[in-house]
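Working notes, beginning with the structure itself.
Atom set for the values below is all heavy atoms of this structure, side chains included, hydrogens, waters and symmetry mates excluded. Naming: A, B, ... by sequence-line order, numbering from 1 per chain.
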Amino acid sequence: MSKPSIPQGTRDFGPDVVRKRAFIFNTIRSVFELYGFLPIETPAMENLETLMGKYGEEGDKLIFKILNNGLDNPAKEQQVREDFEKILQGKNNKGITERALKYDLTIPFARYVAMNHGQLTFPFKRYQVQPVWRADRPQKGRYREFYQCDADVVGSNSLLNEVEFVNLYTDVFSKLGIQGCELRINSRKILSALAEVCGGADKLTDITIAIDKLDKIGLEKVKEELSERGLTGEQVLVIEKYLDINGSNESKLAAIKELLLDTEDGKKGVNELEFILNIINDQRSKDENSKAGTTTSLIIDFTLARGLNYYTGIIFEAKAPGTVKIGSIGGGGRYDDLTGLFGVPNIPGVGISFGVDRIYDVMEELQLFPSKVEQGTRVLFFNTGLEESKKAYELLSSLRRSGIAAELFHEPTKFDKQFKYAEKKQIPFIIIIGSKELEEKAFIIKDLRSGEQRSIPFADISSLSFN
RNA sequence: GUGGCUGUAGCUCAGUUGGUUAGAGCAUCAGAUUGUGGUUCUGAGGGUCGGGGGUUCGAGACCCCUCAGUCACCCCA
C-alpha cells in the first residue's frame, strides 16, 4: 500500500482553515445580499460543448474533461478505438468525453440565463460561490481546484451597475479588514480604439495580451513581443506612447483623449470611465472612511487588459496591497452579449469575481483574521463517572439550548488528560462535577486562561456568560 | 505543455572527499502526579533515507530512469 495522497493542486482544509475561509465566504455573501444579489448554484460538471471555445485556445486546454463510462464495453471496442484516434489528433470526441468540470462561474451562469430567461426578472442580479477546476500546473497562489465568488447583473446596460461593483469591492475589502487594496479599471473600448489607431483592429487580441504583461516583463520586452506579433515600428510607437500615460486619473484621461478621441470607441471608453469616476469621487467626498484613506483606491489603468475575450466594456481588476506579492485578488468586467453564445441574444451584463484562496493568503500574511473566528467550544465538562456525568449532561444541554458550545469529556479518566484536551482545543472554561459537587448541588468552574476557579450552584448556571 | 529546485521519523531539518548499528529539536505515548492542566524531569515507540535500476568491497550521499512536491514560464483567480 502506498501512502494515500490527493491530486496535484488540490488541498484538504483542517478545522482552523475552514473557519477562516468561512469568515471570508460569509463576509462576501453578506455584502452580495446587501446589494440585492440572489444566490444560485450550478452543477460541478457541464456538457463539454457548453465550455469549449469560451475561454480562448489556452482556456480550452485547461478544461478538465471527464472520461465517459462504459468505454470497456467489448461490443463498442471498434468505435472507441476510432474515437480515441481523434482525441490523439487533438480533437474532442463525444464517444470518449462529453462532460467537463466547470472552469469558471460566468459561462455556466450565461448558460443558466439562456435556459431560464423566460422566468427571470430583469435586471437579474445573482451571486454564486462554488469551486471551479483548471488543469493548470499549480504554483504559488494557483490551484487546480479553487473557489470563486461571483456577482453578475444581466439585462441592464446602465453604468450604475459598474459603480455598484466599485462600491461592492470597497465594502468587502473594508469588512475583511484589508486596507490599501487597489481597484484598477479600464475599458475594452479604449483598447479596441488603440487597435484601430494602430491600423489593425484585428490585432486587438495580440495587443491586449502583450500590454497586459507590462508590469511583469517591462516596456522593452512588450515592444519586442508586439513586433513578433506582426506590428510595424510605427504602430509599436503609438502603443509606447499609450503605455507611457501615467499620473492621476484626471491627467491619464486628459492624455488618452489626445491619443484616441478621434475614434468612436475611444470616445465611448473615455465617457464610461469619466462617468464612473465622477460618481465615485462625488460619493467618496461625502464619506468618512474615504477621507481617512483606508478604502480601496480606484485607479484608471490603461495597461489593464484581462485575458478573457468576452469582455466588451469596463474591466476591473482588484489588487492586494502592494506589501504582499500576491497580485490579483479579483476581477471582472462588462460583456455585451454573453448569452448570445447560447442562442439568446441581446442580454448584456457585467460581473465581478473574488479569488477567495488568494484573499485568504493575503489575510494570513497580514494577520487580519479576527481571533473570534477560531472560537469553538466554550466549556468542557469533566467526566468523573457515570452518575456525575448524568448531572453534567443535564447542565450541558441547558447551555447548548442557550447557544453556548459545550462538550462532555468522553470517558472518566484522570484530570491530566481532560485538562490537556481542553487546552489543545483552546476551550476557555472547564466545569467539574464530582461526587462532592453532586452532594453540594454546586459545580466547580475554572477559567483556564487565568487559573481562577469558583463554586456555583447548579441552578445558577444560566447566569454565566463564558466569555 | 516547457524549464529549475527539493524528496532522510508525524513535523522542521542535520548527516564530513562514499565507510561499521542513520541523528537532533518539536510532536506523540507512558511514568514522576489516585480530583486540578500549562513548567520541569525520566523513559518509550516511531525510518524499505520517495520508488526502481546501476557504479563500488561498501551508497542516505555518485550516475540513469521514474514518481511526488515546489517554484518559474505560457495563461490566469
- prompt: For the side chain of A:R358, counting heavy atoms from C-beta on, which of B:A72, B:C74, B:C76 is nearest?
  reply: B:C76
query: How about A:T97 and A:N68: does a side-chain donor come under 3.5 Å of a side-chain acceptor?
result: no
query: Looking at residues at least two apart in the chain, or sitting in another chain, which of them share a ring-ring contact (aromatic ring centres under 6.0 Å, His included) with A:F37?
result: A:F165
- request: For A:F419, enumerate each residue passing the ring-ring contact (aromatic ring centres under 6.0 Å, His included) test, keeping only those at least two apart in sequence or located in another chain.
  value: A:F382
query: Backbone N or O of A:P138 within a donor-acceptor pair of the A:D136 side chain at under 3.5 Å?
result: no
query: Under the 3.5 Å rule, do the base of B:C73 and the side chain of A:R137 count as making a donor-acceptor pair?
result: no
- prompt: Which value, in whole Å, describes the distance between the C1' atoms of nucleotides B:G23 and B:C63?
  reply: 27 Å
field: Distance between P atoms of B:G10 and B:C29 (Å, rounded)
entry: 15 Å
- request: Sugar-phosphate atoms are those with a prime plus P, OP1 and OP2; base atoms are the rest. Using that split, label each nucleotide of nucleotides 30-40 of chain B B, S or - for protein heavy atoms under 4.0 Å, 5' to 3'.
  value: SS---BBBB--
- request: Please tell me which of A:K424 and A:D357 maps to the more 5' nucleotide of RNA chain B, matching each residue to the nucleotide holding its nearest heavy atom.
  value: A:K424
message: Please enumerate all residues that pass side chain to side chain contact (heavy atoms under 4.5 Å, CB included) together with A:E82, with sequence neighbours excluded.
response: A:Q78, A:Q79
task: Identify whether any heavy atom of A:G141 sits under 4.0 Å from a base atom; if not, whether one sits that close to sugar-phosphate; answer base, sugar-phosphate or nothing.
output: base
Sugar-phosphate only, base, or nothing, as touched by A:S328 at under 4.0 Å among non-hydrogen atoms: sugar-phosphate
- prompt: Taking RNA chain B as the partner, which of residues 8-31 of chain A come within under 4.0 angstrom of it by heavy atom?
  reply: A:Q8
- prompt: Paired stems touching RNA chain B, three or more consecutive Watson-Crick or G-U pairs with both distances under 3.5 Å?
  reply: B:1-7 with B:67-73, B:10-13 with B:23-26, B:28-32 with B:40-44, B:50-54 with B:62-66
